[in-house]
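Each chain gets a letter, A, B and so on, in the order its sequence line appears, and its residues count up from 1. Computation of the quantities below employed the complete heavy-atom set of this structure, encompassing side-chain atoms and omitting hydrogens, waters and symmetry-equivalent molecules.
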Protein chains: 2
Amino acid sequence: MGLTKTEIFTEEQNRLATLLKALAHPARIAILQRIMVVNTCICGDLVGELGLAQATISQHLRELKNVGLIQGTIEGVSVCYCIHPENWKLLELHFGEFIRTYKGPAKCC
Amino acid sequence: MGLTKTEIFTEEQNRLATLLKALAHPARIAILQRIMVVNTCICGDLVGELGLAQATISQHLRELKNVGLIQGTIEGVSVCYCIHPENWKLLELHFGEFIRTYKGPAKCC
DNA sequence: AATATTAATCGTAATATTGCAATGTAATTA
DNA sequence: TAATTACATTGCAATATTACGATTAATATT
């Protein structure tokens with residue numbers, strides 16, 4: 001196999017898993033951190049910052065864009081990427097709900 | 001290739017990515033939600049709840065245990081799984097720091 | 001002791017991911 | 001118009017993931 005059985009899970013579970021999967025790579029974490037720090041949107045300097053090839057960075061950016069975590073605007077020759085405000089907030093909300101479902105250790109284990 | 005270049009990223013980036021990867025599957029989200037709700041630790045009823053084979057559930061549990069998000073205690077024939085309190089809190093903390101690095105839309109894009 | 005129950009592990013098939021060189025595309029500059 | 005710049009896309013090769021049947025290991029029950 002190798003194919004996730006998405007049909008047996010809820011929309012919310014699948015959506016959260018998809019977003020977390022997009023975050024689940026150190027390069028994409030690094031890319032997002034850089035985008036957040038360099039508030040004025042960055043473009044190609046990521047290739048210089050991280051030690052990955054241009055094609056690889058481009059692929060990671062596409063993945064982040066596909067799930068809606070970032071957005072890109074064409075600025076002449078270069079492309080300006082930045083966080084997608086609404087989706088970012090939604091992720092913060094839903095992940096927060098998920099992780100705070102845990103109310104401390106129960107009487108077991 | 002197919003091999004993440006972990007050596008070019010920081011400890012924190014790699015650790016967060018590893019934890020998020022463990023969460024980045026609907027089955028594992030569902031498993032964790034169930035463990036959190038059924039506060040008294042559950043064991044094999046996961047196989048009945050989710051529509052996945054026993055071997056598959058067992059594999060997902062191992063992944064969650066490997067990254068330290070859950071812990072398992074042998075209770076006679078069955079095994080009792082529950083959230084790993086400290087690591088769960090650490091994830092909440094570090095993810096929170098990460099996602100709250102974003103301070104709203106800047107003047108660009 | 002024989003059998004049943006619970007869960008881990010192994011082996012395998014199908015598919016996905018990671019990374020890069022090479023190439024393509026579109027806007028900019030010379 | 002030709003060359004350049006900035007990214008995207010394509011096409012691999014290497015490796016990882018997902019799922020499950022079959023088997024194994026360990027404890028419980030009869």
Side-chain angles (χ1 to χ4, degrees), chain A residues 1-9 13-14 17-31 34-35 38 41-67 70-82 109, chain B residues 1-9 13-14 17-31 34-35 41-67 70-82 108-109:
Chain A
M1 294 247 172
L3 218 172
T4 300
K5 284 182 145 186
T6 55
E7 70 276 9
I8 66 174
F9 304 104
Q13 288 166 339
N14 284 318
T18 300
L19 287 172
L20 293 180
K21 182 143 80 177
L23 293 181
H25 193 287
R28 292 193 291 270
I29 300 235
I31 287 173
R34 181 121 185 95
I35 291 183
V38 187
C41 295
I42 52 103
C43 333
D45 51 37
L46 282 167
V47 180
E49 292 292 327
L50 319 185
L52 291 171
Q54 182 264 322
T56 308
I57 300 280
S58 186
Q59 259 183 182
H60 283 306
L61 285 168
R62 180 170 50 179
E63 256 187 271
L64 290 170
K65 204 166 101 182
N66 281 344
V67 300
I70 62 174
Q71 56 196 167
T73 322
I74 298 172
E75 298 257 327
V77 194
S78 46
V79 176
C80 171
Y81 283 106
C82 54
C109 285
Chain B
M1 293 247 172
L3 218 173
T4 300
K5 284 182 144 186
T6 55
E7 71 276 8
I8 66 174
F9 304 105
Q13 288 166 340
N14 284 317
T18 299
L19 287 171
L20 293 180
K21 182 144 79 178
L23 293 181
H25 193 287
R28 292 193 290 272
I29 300 241
I31 287 173
R34 181 121 184 97
I35 291 184
C41 294
I42 50 107
C43 332
D45 51 36
L46 282 167
V47 180
E49 292 292 327
L50 320 185
L52 290 171
Q54 181 264 322
T56 309
I57 300 280
S58 186
Q59 257 183 185
H60 283 306
L61 285 168
R62 179 170 51 178
E63 257 188 270
L64 291 170
K65 205 166 99 182
N66 281 345
V67 301
I70 63 174
Q71 56 196 167
T73 322
I74 297 172
E75 299 258 327
V77 194
S78 47
V79 175
C80 172
Y81 283 106
C82 55
C108 66
C109 286

>> Can you tell me if His60(B) touches the phosphate of dT17(D), counting only side-chain N or O atoms and a distance under 4.0 Å to OP1 or OP2?
In response: no
> In Å, rounded to the nearest 0.5 Å, how long is the span from NZ of Lys21(B) to CG of Leu19(B)?
Replying inline: 11.5 Å
>> Rounded to whole Å, please give me the gap between CG in Leu46(B) and C1' in dC20(D).
In response: 17 Å
> Can you tell me how far C1' of dT18(D) sits from CG of Leu64(B), to the nearest Å?
Replying inline: 14 Å
> Does dT30(D) pair with anything, Watson-Crick or G-U wobble, both distances under 3.5 Å, and if so, with which nucleotide?
Replying inline: dA1(C)
>> Once rounded to the nearest 0.5 Å, what's the spacing between atom OH of Tyr81(B) and atom CD1 of Ile70(B)?
In response: 6.0 Å
> Is there side-chain contact between Pro26(B) and Thr4(A), with heavy atoms separated by less than 4.5 Å?
Replying inline: yes
> In whole Å, what is the span from the CD atom of Glu49(B) to the C1' atom of dA7(C)?
Replying inline: 17 Å
> Would the number of heavy atoms belonging to other residues, nucleotides or ligands and lying under 6.0 Å from CD1 of Ile74(A) be above 12?
Replying inline: no
> Just to confirm, is there a sub-4.0 Å distance from OP1 or OP2 of dC20(D) to any side-chain nitrogen or oxygen of Lys5(A)?
Replying inline: yes
> For dT17(C), does either OP1 or OP2 sit under 4.0 Å from a side-chain N or O belonging to Lys21(A)?
Replying inline: yes
> What's the closest nucleotide to the Glu63(A) side chain, out of dC20(D), dT18(C), dA16(C)?
Replying inline: dT18(C)
> How many Å lie between CG on Asn66(B) and P on dA16(D), as a whole number?
Replying inline: 15 Å
> If you round to the nearest 0.5 Å, how far is SG of Cys80(B) from CD1 of Ile42(B)?
Replying inline: 8.0 Å
Could you tabulate the donor-acceptor pairs under 3.5 Å formed by side-chain atoms of residues 50-66 of chain B, not counting sequence neighbours?
| unit_1 | atom_1 | unit_2 | atom_2 | d |
| --- | --- | --- | --- | --- |
| His60(B) | ND1 | Arg28(B) | NH1 | 2.9 |
| Glu63(B) | OE1 | Arg28(B) | NH1 | 3.1 |
| Asn66(B) | ND2 | Arg62(B) | O | 3.4 |

> Quick one: on DNA chain C, does His25(A) or Gly76(A) contact a more 5' nucleotide (nearest heavy atom)?
Replying inline: His25(A)
> Base, sugar-phosphate, or nothing: which does Leu52(A) touch, judged by heavy atoms less than 4.0 Å apart?
Replying inline: sugar-phosphate
>> Can you tell me how far apart NE2 (His25(A)) and CG (Asn14(B)) are? Round to the nearest 0.5 Å.
In response: 9.0 Å
Atom pairs under 3.5 Å: protein N/O with N/O of nucleotides 4-12 of chain D:
| unit_1 | atom_1 | unit_2 | atom_2 | d |
| --- | --- | --- | --- | --- |
| dC7(D) | OP1 | Gly44(A) | N | 3.3 |
| dC7(D) | OP1 | Val79(A) | N | 3.2 |
| dC7(D) | OP2 | Gly44(A) | N | 3.1 |
| dA8(D) | OP1 | Tyr81(A) | OH | 2.4 |
| dA8(D) | OP2 | Ser58(A) | OG | 2.8 |
| dA8(D) | N7 | Gln54(A) | NE2 | 2.8 |
| dA8(D) | N6 | Gln54(A) | OE1 | 3.0 |
| dT9(D) | OP2 | Arg62(A) | NH1 | 3.3 |

